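Below is one structure, written out as structure tokens; the observations come after it.
Here the structure is a predicted model, which means the values were calculated and not measured.
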Amino acid sequence: MAQKPNIPKGTRDFGPLEMARRNYIFSTIRSVFALYGFQQIETPSMELMSTLMGKYGEEGDKLLFRILNSGEKANEAPEKGLRYDLTVPFARYIVQHREEIAFPFRRYQIQPVWRADRPQKGRYREFYQCDVDVIGTDSLVSELELIQIVEEVYKRLGIRVCLHLNNRKILAGIAEFIGAPDKIIDITTAIDKLDKIGLDNVNKELSERGLSNDAIAKLQPILALQGSNDEKLATIADLLKANEIGSKGVEETRTVLDLAKDQTLPIELDLTLARGLNYYTGTIFEVKALDAQIGSITGGGRYDNLTGIFGLPNVSGVGISFGADRIYDVLTELNLYPASMLDATQILFAAFGDDELRYALKWAKQLREANIRVEVYPEPAKMKKQMSYADAKAIPFVAIVGGNEMQSNTVMLKNMTTGEQTQVTIEQLINKL
RNA sequence: GUGGUCAUAGCUCAGUUGGCAGAGCAUCGGAUUGUGGUUCCGAGUGUCGUGGGUUCGAGCCCCACUCUCCACCCCA
């Protein structure tokens, strides 16, 4: 008895329609990346555990897929694991290949990543990221370019988005300001939930995480910040003016906003934006679709010392990652796919007999040389069956070949939309298509 | 990792207090031997997620596992 086929939890098959749509997303993103001079690389699906561990925080380590060698037991520390994102393997790549790279290095990378998370909507165990990073410069022009890329990609895809911007140095400054510099991770993950769970619950969580009432009280004016980006920035600048790192963050953010002032993309300074990944040190951003509720569809930030752990200190980088699978879900939900995406067959040859089939194959060859997408029905089946096939695949034209057509060196061209048909020569056919 | 939820034909789903396994769509054949999408007629389809238990009898009740979806956690 055949076993019932299935695939592992949190993974998916992609059929022809899904692949056409996914390729549309990938090629849109790829072509924008190329406009800014980014070049593609790939890295292996698996990395050494020593490369992966400790880079994503405690939670991240738990979500790593481990690869066991044969005979290895699950409780032993495995040598290899599947990559969790593309940024850490990229940092490893940089350090390993530093002699071959001209800095600042601009690379993009479109590959799947794996997380042993519990799946739910918009959340998979295998999904694609489209990462674009500049490494080897601390110029905030790189931030601007990434913002421009975000704007252009979503303009081309037709998705309305808002970019949320913050800076880890501001968050660090806030932590120092309220007298709890060592609690920065606790503070950021708690305030990140502000719009989700509300102010009271955030304060409660901060308290549970060990912040003093005094510290929580000092945080309130920051949580309550309202107004335009400039107003928020002015307020936070004033609060943190005596704080060195906070003021640096404010200054960086001011510069980024100023550089980006001509962009049409809505940019919102969001001091509650934290982002979990521990390696960010400066600008952080996250992009949300305005017309769909699926969480963030793009995110990233600046990391000053990611390569340091691999032995190459003082190399600053900044990058973002487009979540292709979530973009797919947004495009599907909003029905934003262009009609011409499929590279569908333009014409099907339907033959009545074996001689007609050979005749059709000759015609098909010539049409393909004229760059027309052609299918020949591979057997002289009943006309009804051949027509049904064309219909099911939404092929717009059928060329019917019978004895009469062969004698006159023509085919009967049927327009499947209007139903009209005319007898045409090959020149006429090529012109029509 | 915690809590909940779901699983029946290729797909979407009905299925009575526990008593022969159902519908629509899709597929296939025919009405129509040179014409699809519309119409009419006919046909096939199931380890009822998997394994155990209760019962004379289980799609239905009980237990375990797997998968789906959802909320946490976290994240693209």
Produce the list of close N/O pairs, under 3.5 Å, pairing protein atoms with atoms of nucleotides 37-40 of chain B; give distances to one decimal.
| unit_1 | atom_1 | unit_2 | atom_2 | d |
| --- | --- | --- | --- | --- |
| B/G37 | O4' | A/Asp391 | OD2 | 2.9 |

For atom [atom1], what is the distance between [N] and [M], given to the nearest Å?
N     : M     : atom1 : value
B/U66 : B/C72 : P     : 24 Å
B/G15 : B/G3  : C1'   : 30 Å
B/U68 : B/G44 : P     : 35 Å
B/U17 : B/U55 : C1'   : 15 Å
B/G57 : B/C67 : P     : 32 Å
B/A14 : B/C56 : C1'   : 28 Å
B/G34 : B/U38 : P     : 22 Å

Whole-Å distance separating the CG atom of A/Asp117 from the P atom of B/U2: 14 Å
Distance in angstrom units between A/Phe65 CZ and B/C75 C1', rounded: 14 Å
Distance below 4.0 Å between A/Gln386 side-chain N/O and B/G36 OP1 or OP2: no
Any N/O donor-acceptor pair, A/Arg118 side-chain to B/U68 base, under 3.5 Å: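 Such a pair does not exist between side chain and base.
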Ring-ring centroid check A/Tyr154 A/Phe322, cutoff 6.0 Å: yes
Pair assignment for RNA chain B - dot-bracket with | for other-strand partners, Watson-Crick or G-U under 3.5 Å: ((((..(..((((.....[..)))).(((((.......))))).....(((((..]....))))))..))))....
Quick one: do [X] and [Y] make a salt bridge, cutoff under 4.0 Å?
X        : Y        : value
A/Glu18  : A/Arg21  : no
A/Asp325 : A/Arg12  : yes
A/Arg302 : A/Glu252 : no

Aromatic-base stack, A/Phe127 on B/A76, cutoff 5.5 Å, angle under 30: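 Answer is yes, a stack.
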Close approaches to RNA chain B from residues 297-310 of chain A, in residue order (heavy atom, under 4.0 Å): A/Ile297, A/Thr298
Interface residues of residues 373-380 of chain A with RNA chain B (non-hydrogen, below 4.0 angstrom):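 By residue number: none to list.
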Considering all heavy atoms, the nearest A/Glu268-A/Lys232 contact: OE2-NZ, 3.7 Å
Euclidean distance, A/Ile170 CD1 relative to A/Arg168 CZ, rounded to 0.5 Å: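 Here the rounded value is 12.5 Å.
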A/Trp363 vs A/Val401 side-chain heavy atoms within contact, under 4.5 Å: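 Heavy-atom side-chain distance check fails, nothing below 4.5 Å.
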Heavy-atom side-chain proximity of A/Leu163 to A/Gln263 below 4.5 angstrom: no
Toward the 5' end of RNA chain B, by each residue's nearest nucleotide, A/Arg125 or A/Val401: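 Upstream on the strand: A/Val401.
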Scan nucleotides 5-7 of chain B against the protein and return all N/O pairs shorter than 3.5 Å with their distances rounded to 0.1 Å.
none

Donor-acceptor pair between A/Asn305 and A/Thr281 side chains, under 3.5 angstrom: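 Judged by distance alone, the side chains do not pair up.
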Test side-chain hydrogen bond (donor to acceptor under 3.5 Å, both in side chains) applied to A/Lys288 - qualifying residues, sequence neighbours left out: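 For A/Lys288, no residue satisfies side-chain hydrogen bond (donor to acceptor under 3.5 Å, both in side chains) once neighbours in sequence are set aside.
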Out of B/C73, B/G34, B/U35, whichever nucleotide has its closest atom nearest the side chain of A/Asn404: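 Within the option list, the nearest is B/G34.
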